[in-house]
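Here is the structure we will look at, set down as structure tokens.
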Protein chains: 2
Amino acid sequence: MSLRYALLALLSVEPMTGYDLYKQFESTVGHVWYAPDSQIYPELRKMDQDGLVEGEMVPWGPRGTKRRYHITDAGVVAFRTWMNDDLEYSRARDRPHLKAAYLEWATPTSAIRQLNSHIAHHTAELHQWEENIREIDSGESVLLNRRLEQTPEADRKRTTLFKRFAYEGLITQARQEIEWAQRGLRLIEELDS
Amino acid sequence: MSLRYALLALLSVEPMTGYDLYKQFESTVGHVWYAPDSQIYPELRKMDQDGLVEGEMVPWGPRGTKRRYHITDAGVVAFRTWMNDDLEYSRARDRPHLKAAYLEWATPTSAIRQLNSHIAHHTAELHQWEENIREIDSGESVLLNRRLEQTPEADRKRTTLFKRFAYEGLITQARQEIEWAQRGLRLIEELDS
DNA sequence: GAAAACATGTAACCGGTTACATGATTCT
DNA sequence: AGAATCATGTAACCGGTTACATGTTTTC
């Protein structure tokens, strides 16, 4: 159900096509939420039926058209309601840590390779999020700027700092995962010596 | 697909019934992996068909029977193969951080309540994992002891330290989430003053 | 003119959730 | 005798993944 609200969050800034939203997920916000186009298009249709968004055909080039969605008042209410509702914390299902608990079953070579993958994965995320923070601070974030334009002066600081707060959490997470995997590598080294 | 391997991990220690496995998920290992009974029983059936486990009916009380599953050689191979394979890192889908990025949409009261829920959730997990570490260190972990009994002396340290390593990572994760949410609470306080 | 990007879908499948259903055993 | 626990399932549903399919526009 969160896809719906991730889409509403983006559409609360400005109208977009399904493809625009897909690209957003692949770039900045995508690092918090992701969905393939095959999930986005049908969801937008459903949201239109539910009255949360409205799609209108707009011309695209000489012959083409595309469907641009804008959020409705009901969509704004739904998003705000979701934002005020508590979210449910589902039970832990953590593949890397499950595997780590049984790492003696892996060969040292494979264990090292997997820990390095873990480091590589979270290093890439870390860089992306650091870049996001940099863009927030330097005022280069297009989407944030668009949001701030529509935000009363008094609330702009608030909006910016919450966005920054979210990314800071993700940065610390990534750093922690990297350090954890590095500890694992050292542990394997010690055990094998 | 990980449920299958989480079950094999447990069955590699000793034969168990579906209900035993369910209880394991609800307690210690459950904090790394969880599955409801409605998912476990059918999965065990499939694993039996695939030759990874074998179920045998054993008497239970005067009239009842229960099905106890034990891992097969093919199951051991499958588990070891999975342990040596790299796992795929799927795209981030992080509800708490998604909401945090748009926290200005929530009322301060609700934002505070949600951050406190976040703290409560991760504090509970933290305590459980600290307890798990304590049990590993004190030799009270029944499942680990059972595993160590079947482990050659030379590999016992390895097995114990990897298990500890996994929980240490989870503990750091939990602490980080708690600190992050506390920063969020301070941020709201500052903004509202 | 070709390639890359823009644009929009359908369909089969899969892992996981929730609800429903039932009965035996053990403990108090 | 009743409650808690042990035991085992089915079925509907839902969110998400992967594969397939197609056509337009823009850029080089």
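Letters A, B, ... are given to chains in the order of the sequence lines, protein chains preceding strands, and every chain is numbered from 1.
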Separation of atom [atom1] in [X] from atom [atom2] in [N], rounded to whole Å:
X	N	atom1	atom2	answer
A:Tyr41	D:dG23	OH	P	16 Å
A:Arg68	C:dC6	CZ	P	15 Å
B:Gln39	C:dC14	CD	C1'	11 Å
A:Lys23	C:dA7	NZ	C1'	10 Å
B:Met1	C:dC13	CE	P	15 Å
B:Asp37	D:dA11	CG	P	16 Å
A:Leu3	D:dG15	CG	P	9 Å
A:Tyr89	C:dG16	OH	C1'	20 Å

Mind jotting down which residue pairs meet the salt bridge (Lys or Arg N to Asp or Glu O under 4.0 Å) criterion with at least one end in residues 126-136 of chain B? Sequence neighbours excluded, please.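 Listed by first then second residue: B:Glu130-B:Arg175, B:Glu131-B:Arg134, B:Arg134-B:Glu140.
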Quick check for you: among C:dT17, D:dG16, D:dT8, whose closest atom lies nearest to any side-chain atom of B:Thr17?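 So the nucleotide nearest the side chain must be D:dT8.
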Please pick, from C:dA7, C:dA11, D:dT10, the nucleotide with the shortest atom-to-atom distance to any side-chain atom of A:Ser38.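 Of C:dA7, C:dA11, D:dT10, C:dA11 is nearest to the side chain of A:Ser38.
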Within the pair A:Arg4 and D:dG16, is there a side-chain N or O less than 4.0 Å away from OP1 or OP2?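 For D:dG16, OP1/OP2 do not have a side-chain N/O of A:Arg4 under 4.0 Å.
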Between B:Tyr19 and D:dC6, is there a side-chain N or O to OP1/OP2 distance below 4.0 Å?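 For D:dC6, OP1 or OP2 has a side-chain N or O of B:Tyr19 closer than 4.0 Å.
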5' priority, DNA chain D, between B:Glu88 and B:Asp20 [closest heavy atom]: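 Its nearest nucleotide being more 5', the pick is B:Asp20.
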How do A:Glu43 and B:Met57 order along DNA chain D: which one's closest nucleotide is nearer the 5' end?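 Its nearest nucleotide being more 5', the pick is B:Met57.
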My understanding is that only residues two or more places apart in sequence, or in another chain, count here; which of them pass salt bridge (Lys or Arg N to Asp or Glu O under 4.0 Å) with B:Asp73?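 Expected list: none.
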Compare all side-chain heavy atoms of B:Phe165 with those of A:Arg183 and state whether any distance is below 4.5 angstrom.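 They are in contact (side-chain heavy atoms under 4.5 Å apart), so the answer is yes.
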Below 3.5 Å between N/O atoms, which protein atoms pair up with nucleotides 25-28 of chain D? Just atom names and distances, please.
| from | atom 1 | to | atom 2 | distance (Å) |
| --- | --- | --- | --- | --- |
| D:dT25 | OP1 | A:Trp60 | O | 3.3 |
| D:dT25 | OP1 | A:Arg63 | N | 2.6 |
| D:dT25 | OP1 | A:Gly64 | N | 2.4 |
| D:dT25 | OP2 | A:Arg63 | NH2 | 3.2 |

Can A:Lys99 be said to sit on top of B:Trp82's aromatic six-ring, NZ or CZ under 6.0 Å from centre and within 45° of the ring axis?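 The answer is yes; both the distance and angle limits are met.
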Do B:His118 and A:Tyr89 pass the ring pair (Phe, Tyr, Trp, His ring centres under 6.0 Å) test, and can you show the C-alpha distance, the side-chain angles, and the key distance before you say yes or no? CA-CA 9 Å; B:His118 196 76; A:Tyr89 288 83; 5.6 Å; yes
Using the side-chain hydrogen bond (donor to acceptor under 3.5 Å, both in side chains) rule, take A:Thr17 and A:Arg68 through it: C-alpha gap first, then chi angles, then the decisive distance, then the call. CA-CA 4 Å; A:Thr17 65; A:Arg68 183 189 288 145; over 6 Å; no
Could you check whether B:Arg158 pairs with A:Asp192 (Lys NZ or Arg NE/NH1/NH2 to Asp/Glu carboxylate O, under 4.0 Å)?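 Yes, B:Arg158 and A:Asp192 are salt-bridged.
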